[in-house]
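This report concerns only the one structure given below.
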2 protein chains.
Amino acid sequence: MATIRDVAREAGVSTATVSRVYNGSSLVTESTTQLVMEVAARLDYWPNSAARSLITNRTYTLGVVLPDLFNEFFSEIIRGIDHAARARRYQIILSCFHDDSRELIAMAKSMRGRIDGLIAMAPDAGSAKVIANISRHFPVVLLNPGFQTKDCSAVSIANYDGARALTRHLLECGHQRIAIVKGPARNVDAEERLRGYRDALSDAGVNSDPSMEILGDFRQESGEQICADILRIRPRPDAVFATNDYMAIGLQSALLAHGVRVPEDIAIAGFDDISLAGYVNPSLTTVGIDAYGLGAKAVRRWFSDSGAGGARTQQEILPARLIVRHSCGGSRIDRISEEHQSNEQSGGSS
Amino acid sequence: MATIRDVAREAGVSTATVSRVYNGSSLVTESTTQLVMEVAARLDYWPNSAARSLITNRTYTLGVVLPDLFNEFFSEIIRGIDHAARARRYQIILSCFHDDSRELIAMAKSMRGRIDGLIAMAPDAGSAKVIANISRHFPVVLLNPGFQTKDCSAVSIANYDGARALTRHLLECGHQRIAIVKGPARNVDAEERLRGYRDALSDAGVNSDPSMEILGDFRQESGEQICADILRIRPRPDAVFATNDYMAIGLQSALLAHGVRVPEDIAIAGFDDISLAGYVNPSLTTVGIDAYGLGAKAVRRWFSDSGAGGARTQQEILPARLIVRHSCGGSRIDRISEEHQSNEQSGGSS
DNA sequence: AGCGGGGATGTAAACGTTTGCACAAGGATG
DNA sequence: CATCCTTGTGCAAACGTTTACATCCCCGCT
């Protein structure tokens, strides 16, 4: 592989000149530039970014660390991150982790020297110290942290508000016994959605009932499997809030297969507004969140933080939006958390 | 930020020793190791991977370049790549591109020095020369190339076989006038699926009819919009093969909304077997492909190629599987392309 | 006691860039 | 004509590691 020295020798100039050509320095004569470019093309010279970033201390790369859950929600986040990063000519290096905050810091360490900063979804509140440590090495922006932190900026989805508004909507539709299908334990989104549900119930003077809280894992199979559990509850619930759309759709499908009518016998609501939520039958009442926007905003936040005098401790919340379709009766489309609505371009996920 | 020199000085040893500790050299005394680790922890020393890979010429990172289409198909591919890479302790650096093979080479260039190899989905046949050039710099494995190449290995999905088998199934169900909703122009998967459809028709002695070939873009909105076009065709088709599930579900939903019965009036079939295909109503007959396996296998292929005496020109095809559900009538579940079935672990996507 | 060998550590040269500084040449200025 | 900028280029020192080679020390053998 040709190096900058080969190009320099072949072109009869110094490596400094070649470097200047590649960095668009204005100090190089037109004819020298031409010559260097020509030789570089002939030698098929590709600059080595590792060497470059070793000396400049810039990598033009962002690390991205997400949980190992690949559904449409995550692919949209990544898409948002990728687009926003590309707009600034940054690349992203992606890693997924399972649970552990030890694993998180190992990943951050292994990225040292190859990234300028990190966009991460923290596993749980226990990782706060780890995050603090990492952000001493480079700027970090957290996605949906389940905890308060003064060590870095964060961008969140209004999980709590969304779940609460959705539950309130179910109550307003006249449902009394509302069950919930929770997400995986220790998952921050899952916890916040559960909290919103409970608070909406207690606001309405309804006691939350542990037997109405069923554990799921955010995959549609789990929604399907849970059907039996739902039908076993006595007295039978008249509505179920599945904390994501995949589970809601799995559950709805299983209920219909058991001859239970939706929404007449049992109403179903989901969360996320995945692209197919409007296309199932009955179409799914859910809470729309802007996963693309979440990713994109995190990246923009990172750039603001990294600029001169960046705050580095900004906390933003993206609004969630109640989307009323047919799986609960009703047809109202409503917006919540408008007060948090930003005026930035959302970038337009589907 | 502490460097290896700081640690060495503070511990009263040479940088070589610190380096040896970090690389697990057996030549270091237990007590020295202890000391170095302790100092490193105290100084919060994180080794710089750029410097490391500059001298070792290894990055333990794979580049991944995919089209900018983020649906479940792509997120599964990425998941497969990530898992297989992580199993070898490799990281991935992800980039998406739009169309251009110029963009593809620009990305590959910008990754020089930061990756050991590349997993890429080539934009179109025109990029063959670009691929050849890139693979002179590091090993490349292509996903679903639309062209023959002797410059690198490739792993493909049996798009053609799958589409052909599906079309044959529609014919066997008694459908005569089968329309197709194509994918985006110049998309390799889309082209292969179209080819399979046409060949199945001509095998059956049916002329393919240009007015029955409608352009889509792989998104469910496009399936919905196309509904009107379908209903305008005279005589009306009695089956529609939408070349991915998103479009199929969008179309099905729109047809139902127009009072057209599925499958009685018009049968619908899709492609990909996304996780929700079995949960819509009627459930979708489709072709199952293992996107997770595609990504994982590409990575494993890369590792075989990079080993001593790696072939670097292996071509593999992953089988597609006809999945008969209710959107076309019938209920048979069938496997095709068994002859291509590999005996490797598929890795188990959902 | 002398010698050889091997185990632990240090020295210093790489890896491929960027960039501060020096320098040469030429043109403008006094 | 001497001086001073300006412009283009080269020299060489960094950046933070790894690793071949040298060195030193200690132990066991003859």
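Lettering follows sequence order; numbering is per chain, from 1.
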Spell out, as yes or no, whether a donor-acceptor pair under 3.5 Å connects the side chain of D82(A) to the backbone of I78(A). no

Under-4.0 Å side-chain N/O to phosphate OP1/OP2 contact, S19(B) with dT18(D): yes

What is the distance from CZ of R20(B) to P of dT19(D), rounded to the nearest Å? 10 Å

Hey, does T32(B) reach any base, or is it just sugar-phosphate, or nothing, if we go heavy atoms under 4.0 Å? sugar-phosphate

Angle class for the H83(A)/Y292(A) ring planes (parallel below 30°, perpendicular above 60°, tilted otherwise)? perpendicular

Quick check: does any side chain N or O of Q315(B) sit under 3.5 Å from a backbone N or O of C152(B), one acting as donor and the other as acceptor? yes

Which atoms of nucleotides 22-24 of chain D (N or O only) lie under 3.5 Å from a protein N or O atom, and what are those distances?
none

Candidate pair S304(A) and Q314(A), rule side-chain hydrogen bond (donor to acceptor under 3.5 Å, both in side chains), full reasoning: CA-CA 10 Å; S304(A) 321; Q314(A) 214 75 25; over 6 Å; no

I'd like to know if the side chain of S49(B) and the backbone of R112(A) have a donor-acceptor N/O pair within less than 3.5 Å. yes

Show the distances under 3.5 angstrom between N or O atoms of the protein and N or O atoms of nucleotides 13-15 of chain D.
none

To the nearest angstrom, the CZ-C1' distance between R9(B) and dT17(D) comes to 16 Å

Looking at S153(A), is its backbone amide N or carbonyl O close enough to the side chain of T313(A) to form a donor-acceptor pair, meaning the two atoms are under 3.5 Å apart? no

To the nearest angstrom, how far is N57(B) atom CG from dT17(D) atom P? 18 Å

For the side chain of S95(B) and the backbone of V65(B), is there at least one donor-acceptor N/O pair under 3.5 Å apart? no

Most 5' of M1(A) and T17(A) on DNA chain C, judged by nearest nucleotide: M1(A)

State whether Y45(A) places a side-chain N or O below 4.0 Å from either non-bridging phosphate oxygen (OP1 or OP2) of dT17(C). yes

Kindly say if S49(B) contacts the phosphate of dT17(D), meaning a side-chain N or O under 4.0 Å from OP1 or OP2. no

Using only modelled atom types and a 3.5 angstrom limit, is any donor from either the side chain of R112(B) or the base of dG16(C) paired with an acceptor on the other? no

From D116(A), I115(A), L62(A), T59(A), residue fulfilling side-chain contact (heavy atoms from CB on, under 4.5 Å) relative to F138(A): I115(A)

Answer with base, sugar-phosphate or nothing: what part of the nucleic acid does N23(B) contact at a heavy-atom distance below 4.0 Å? sugar-phosphate

Please state how far atom CG in N48(A) lies from atom C1' in dG16(C), giving the value in whole angstrom units. 6 Å

Proximity to the side chain of R52(B) - top-ranked nucleotide from dA12(C), dT17(D), dT18(C): dT17(D)

Whole-Å distance, R114(B) CZ to dT17(C) P, equals 14 Å

Whole angstrom is fine here: how far is it from CH2 in W46(B) over to C1' in dT17(D)? 18 Å

List, one per line, each side-chain donor-acceptor pair under 3.5 Å for residues 28-38 of chain B, sequence neighbours excluded.
unit_1, atom_1, unit_2, atom_2, d
E30(B), OE2, Q34(B), NE2, 3.4
T33(B), OG1, T29(B), O, 2.9

For the backbone of C96(B) and the side chain of R86(A), can you confirm whether one donor and one acceptor N or O come within less than 3.5 Å of each other? yes

Length of the OH-C1' vector between Y22(B) and dG16(D), whole Å: 14 Å

Please state how far atom CG in L35(B) lies from atom P in dT9(C), giving the value in whole angstrom units. 10 Å

